[in-house]
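First the structure, in the form of structure tokens, and then the observations on it.
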Amino acid sequence: MNAHKAAIKTAKAHKANVRDERYWMKAAIRDVVHQGKECITRSIHYTENLDWLKEKGFKYTKHPHYEDLYIISWEGC
């Protein structure tokens, strides 16, 4: 395997990880909405997903005590 193919595989794996994290974020948000809550605390590792949340109209703030946790809200939590 040469360096070009390794770079392509790495890029594809990164994209898959971003999609997977986004899928689980959607599922968690869906579950919390069914419970009637207005915010969720979630670990987000990829900045692409933070940009995606902002595009979709969600608000997020960094958790004051943990590095990777964000508080995601959608109604003014």
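Since the model is a prediction, treat every value here as computed from it, not as a measurement. If you read the sequence from its start, that first residue is 1, and numbering goes on from there.
- I44 and W24 fall into different hydrophobic clusters, defined by Ile, Leu, Val, Met, Phe, Trp and Tyr side-chain heavy atoms under 4.5 Å apart, directly or through other members.
- Of the options H14, R19, K15, a side chain to side chain donor-acceptor pair (under 3.5 Å) to E48 is made by H14 and by none of the others.
- When all heavy atoms are compared, the tightest approach of R42 to A28 is NH1-CB, 4.0 Å.
- Between atom CE of residue M25 and atom CD1 of residue I72 there is a gap of 5.0 Å, rounded to the nearest 0.5 Å.
- To the nearest 0.5 Å, atoms NZ (K54) and CG (N49) are separated by 14.0 Å.
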Run the side-chain donor-acceptor check on residues 62-71: report pairs under 3.5 Å with partners two or more places apart or on a different chain.
| residue | atom | partner | partner atom | Å |
| --- | --- | --- | --- | --- |
| K62 | NZ | E67 | O | 2.5 |
| K62 | NZ | Y70 | OH | 3.4 |
| H63 | ND1 | H65 | N | 3.2 |
| D68 | OD2 | H45 | ND1 | 3.4 |

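- Here the OH-OG distance, from Y60 to S73, works out to 11.5 Å after rounding to the nearest 0.5 Å.
- Hydrophobic clustering, with ILVMFWY side chains joined whenever heavy atoms are under 4.5 angstrom apart, groups W52 together with L50.
- As a member of the Ile/Leu/Val/Met/Phe/Trp/Tyr network built from side-chain separations under 4.5 Å, I8 groups with nothing else and remains a singleton.
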